[in-house]
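Sequence lines set the chain letters: A, B, ... in the order given, protein chains first and strands last, and positions in each chain run from 1.
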2 protein chains.
Amino acid sequence: MQRKLSIGTVERLIHYYRCVEELIIEGQTCISSEELAEKTGYTPAQVRKDLTWHGALGVPGKGYATDVVQQVLRKLLGKHRPRLVGLVGVGHLGLALLRHPDFHKHGFHIVAGFDKELTKIGHSIDGVYIYDVSQIEKVCPLLKIEMGLVAVPPLEAQKVSDALIRAGVLGILNFAAVRLSVPSHVHLENVDLSIELEKLSCRIEGWL
Amino acid sequence: MQRKLSIGTVERLIHYYRCVEELIIEGQTCISSEELAEKTGYTPAQVRKDLTWHGALGVPGKGYATDVVQQVLRKLLGKHRPRLVGLVGVGHLGLALLRHPDFHKHGFHIVAGFDKELTKIGHSIDGVYIYDVSQIEKVCPLLKIEMGLVAVPPLEAQKVSDALIRAGVLGILNFAAVRLSVPSHVHLENVDLSIELEKLSCRIEGWL
DNA sequence: TAGATTGTTAATCGATTAACAATC
DNA sequence: TAGATTGTTAATCGATTAACAATC
């Protein structure tokens with residue numbers, strides 16, 4: 001396995017995947033780089049370059065078979081099996097994540113929630129059982145959870161992410177506004193909402 | 001006003017700003033590019049390059065005065081006045097945004113909520129009055145709202161963003177998983193949570 | 001002055017774009 | 001075959017890194 005893709009390329013490939021997924025549902029079997037570019041907002045040259053990632057996929061004179069593109073990108077995205085996800089922090093953000101319709105659609109299954117509030121522990125929300133945060137290390141391996149969503153206040157984020165790591169998760173999506181420290185074998189992605197607002201501010205100020 | 005900064009530079013500058021803000025609170029008056037790099041996870045050369053954005057700020061042999069850096073970056077981020085923000089969609093995600101403690105801390109003030117559910121309209125949540133979505137165009141100009149948070153289901157996102165645009169907002173932070181079309185004078189930033197999960201998946205698969 | 005650290009220039013690196021021969 | 005569109009190469013563009021003279 002080669003690790004050669006840039007984050008920019010990966011983002012575009014994800015968008016191509018979403019696009020061909022829809023096209024397949026609509027029954028379209030073939031698409032040109034020009035059309036795919038138009039639908040995703042990139043350029044045809046960029047699309048062709050990106051799609052050679054895994055060898056030549058297209059048919060000169062025709063375009064790309066949508067099902068071939070889908071198959072190859074499924075591999076990139078690790079969609080051969082469902083992703084089992086644990087949610088830590090069942091406040092408003094946690095509930096929003098739990099009810100987020102797209103997660104399930106894209107193969108991410110939240111199979112356990114964790115919170116420290118006694119009023120939440122022991123109940124199911126939308127079919128997802130809520131455990132005490134102290135059970136993270138016990139429950140995650142049992143349920144074969146491989147990704148964790150950290151939706152707790154900043155001061156608790158490191159602590160729960162340490163627990164997730166001890167529980168063997170491979171990746172953490174962190175919503176708390178702190179820089180988590182994780183060992184090198186654990187993958188981390190951050191969503192910092194106030195950074196997004198600051199970026200928008202910069203756009204409004206005209207610096208971008 | 002020159003528009004010369006790349007998105008990457010802006011992101012780093014935001015992190016420098018957060019860092020010097022903390023340092024000032026701790027009473028530190030000066031910082032070297034090396035220390036700032038260490039604290040933010042970038043390189044000293046990168047830090048120095050970024051900080052020349054607005055002319056020479058540092059003192060050779062000493063480093064950067066924290067208050068000077070703060071002042072200059074405040075300008076970049078448009079922090080001379082509070083940002084008034086309207087929230088459309090007061091579901092779980094909306095509530096999470098409404099209660100997000102960092103927004104207020106960083107000068108973003110949610111001053112109105114909008115929803116279509118009658119049970120929510122007319123009540124205040126954490127001091128924020130919830131209006132009917134049909135009132136967006138009337139209320140936003142009155143309250144001088146300049147940014148909109150779109151936290152509604154995908155199918156309604158374009159409709160409410162159109163209303164926000166007619167109401168004169170300058171920027172939209174969109175949480176719905178659709179590509180919104182906005183006129184060129186309106187700035188748009190997207191937060192797509194399932195894309196973030198896909199990126200994390202790619203990391204786990206070893207492509208990044 | 002000596003020591004430290006900046007700002008800047010040049011070199012490197014990587015990503016995007018353009019063009020076109022290859023090919024279905 | 002003629003027409004269309006790919007895959008690839010070379011050119012361009014921009015961002016990062018390294019090195020060091022300038023300077024406090």
Side-chain angles (χ1 to χ4, degrees), chain A residues 2-16 19-20 23 28-73 76 199 202-203 207-208, chain B residues 2-16 19-20 23 28-73 76 199 202-203 207-208:
Chain A
Q2 310 125 79
R3 41 187 72 219
K4 47 179 170 187
L5 297 177
S6 72
I7 181 69
T9 308
V10 164
E11 261 171 31
R12 289 191 301 273
L13 288 170
I14 294 170
H15 283 109
Y16 303 149
C19 190
V20 296
L23 290 173
Q28 187 170 335
T29 58
C30 187
I31 188 168
S32 68
S33 59
E34 189 170 342
E35 194 185 346
L36 190 51
E38 212 253 317
K39 281 184 182 295
T40 52
Y42 306 118
T43 67
Q46 183 77 268
V47 170
R48 290 201 296 277
K49 187 105 206 188
D50 290 337
L51 288 182
T52 57
W53 155 67
H54 194 249
L57 293 183
V59 182
K62 294 286 181 188
Y64 300 85
T66 49
D67 58 350
V68 170
V69 175
Q70 187 197 34
Q71 284 311 312
V72 167
L73 293 180
L76 170 86
K199 285 198 278 183
C202 288
R203 288 194 195 280
W207 301 113
L208 275 166
Chain B
Q2 310 126 79
R3 41 187 72 219
K4 47 179 171 186
L5 297 177
S6 71
I7 182 70
T9 308
V10 163
E11 261 171 31
R12 289 192 300 273
L13 289 170
I14 294 170
H15 283 109
Y16 303 148
C19 189
V20 297
L23 291 172
Q28 188 170 336
T29 58
C30 187
I31 188 169
S32 68
S33 60
E34 189 169 343
E35 195 185 345
L36 190 51
E38 212 252 317
K39 281 185 182 295
T40 51
Y42 306 118
T43 66
Q46 184 78 268
V47 169
R48 290 200 296 278
K49 187 106 204 184
D50 288 338
L51 289 181
T52 57
W53 155 66
H54 193 248
L57 293 183
V59 182
K62 294 287 183 188
Y64 299 84
T66 49
D67 58 348
V68 169
V69 174
Q70 188 196 34
Q71 283 312 310
V72 167
L73 293 181
L76 170 86
K199 284 198 278 183
C202 288
R203 289 194 194 281
W207 302 113
L208 274 168

Item checked: Any-strand Watson-Crick or G-U partner of dC13(D), both distances under 3.5 Å ->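 Paired with dG14(C).
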Next item on the list: Quick one: look up who dA21(D) pairs with, Watson-Crick or G-U, both distances under 3.5 Å, and put none if it's unpaired.
Entry: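 dA21(D) is paired with dT6(C).
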From [atom1] of [X] over to [atom2] of [N], roughly how many Å is that when rounded to an integer?
X: Asp50(A); N: dG7(D); atom1: CG; atom2: C1'; result: 13 Å
X: Glu34(A); N: dT6(D); atom1: CD; atom2: P; result: 9 Å
X: Trp53(B); N: dT8(C); atom1: CH2; atom2: P; result: 15 Å
X: Glu35(A); N: dA4(D); atom1: CD; atom2: C1'; result: 14 Å
X: Leu36(A); N: dT6(D); atom1: CG; atom2: P; result: 10 Å
X: Ile31(A); N: dT5(D); atom1: CD1; atom2: C1'; result: 13 Å
X: Lys49(B); N: dC13(C); atom1: NZ; atom2: P; result: 16 Å
X: Arg12(B); N: dT16(D); atom1: CZ; atom2: C1'; result: 8 Å

Below 3.5 Å is the cut-off: list the nitrogen or oxygen pairs between protein and nucleotides 21-24 of chain D, distance only.
residue	atom	partner	partner atom	Å
dC24(D)	O2	Pro60(B)	O	3.2

Next item on the list: To the nearest 0.5 Å, tell me how far Leu51(A) CG sits from Leu13(A) CG.
Entry: 6.5 Å
Next item on the list: Report the distance from atom CG of Asp50(A) to atom CG of Leu57(A), rounding to the nearest 0.5 Å.
Entry: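 Interatomic distance, Asp50(A) CG to Leu57(A) CG, rounded to 0.5 Å: 11.0 Å.
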Could you pull out the closest heavy-atom pair between [X] and [Y], with the gap in Å?
X: Cys30(B); Y: Thr66(B); result: N-CG2, 4.0 Å
X: Thr40(B); Y: Tyr16(B); result: OG1-CE2, 3.8 Å
X: Trp53(A); Y: Lys4(A); result: O-NZ, 3.6 Å

Item checked: Working for side-chain contact (heavy atoms from CB on, under 4.5 Å), residues Leu36(B) and Arg48(B) -> CA-CA 10 Å; Leu36(B) 190 51; Arg48(B) 290 200 296 278; over 6 Å; no
So if I take every side-chain heavy atom of [X] and compare against [options], which nucleotide ends up nearest?
X: Arg48(B); options: dG7(D), dA19(D), dT16(D); value: dA19(D)
X: Ser6(B); options: dT16(D), dT17(C), dA15(D); value: dA15(D)
X: Thr52(A); options: dT17(D), dG7(C), dG7(D); value: dG7(D)

Margin query: Would you say that more than 12 heavy atoms from the other residues, nucleotides or ligands in this model lie under 6.0 Å from the CD of Glu34(A), or not?
Written below: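 Atom CD in Glu34(A) is not packed in, count stays at 12 or less.
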Item checked: Heavy-atom neighbours of Glu38(B) CD exceed 12 at 6.0 Å -> no
Check: If you look at every strand shown and take non-hydrogen atoms under 4.0 Å, does Leu57(A) touch a base, only sugar-phosphate, or nothing?
Finding: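 Result for Leu57(A) = sugar-phosphate.
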Next item on the list: Under 4.0 Å between any heavy atoms, over every strand shown, what does Thr9(B) touch: base, sugar-phosphate, or nothing? Just pick one.
Entry: nothing
Think [X] has a side-chain N or O under 4.0 angstrom from the OP1 or OP2 of [N]?
X: Gln46(A); N: dT17(C); answer: yes
X: Thr43(A); N: dT17(C); answer: yes
X: Ser33(B); N: dT6(C); answer: yes
X: Tyr64(A); N: dG7(D); answer: yes

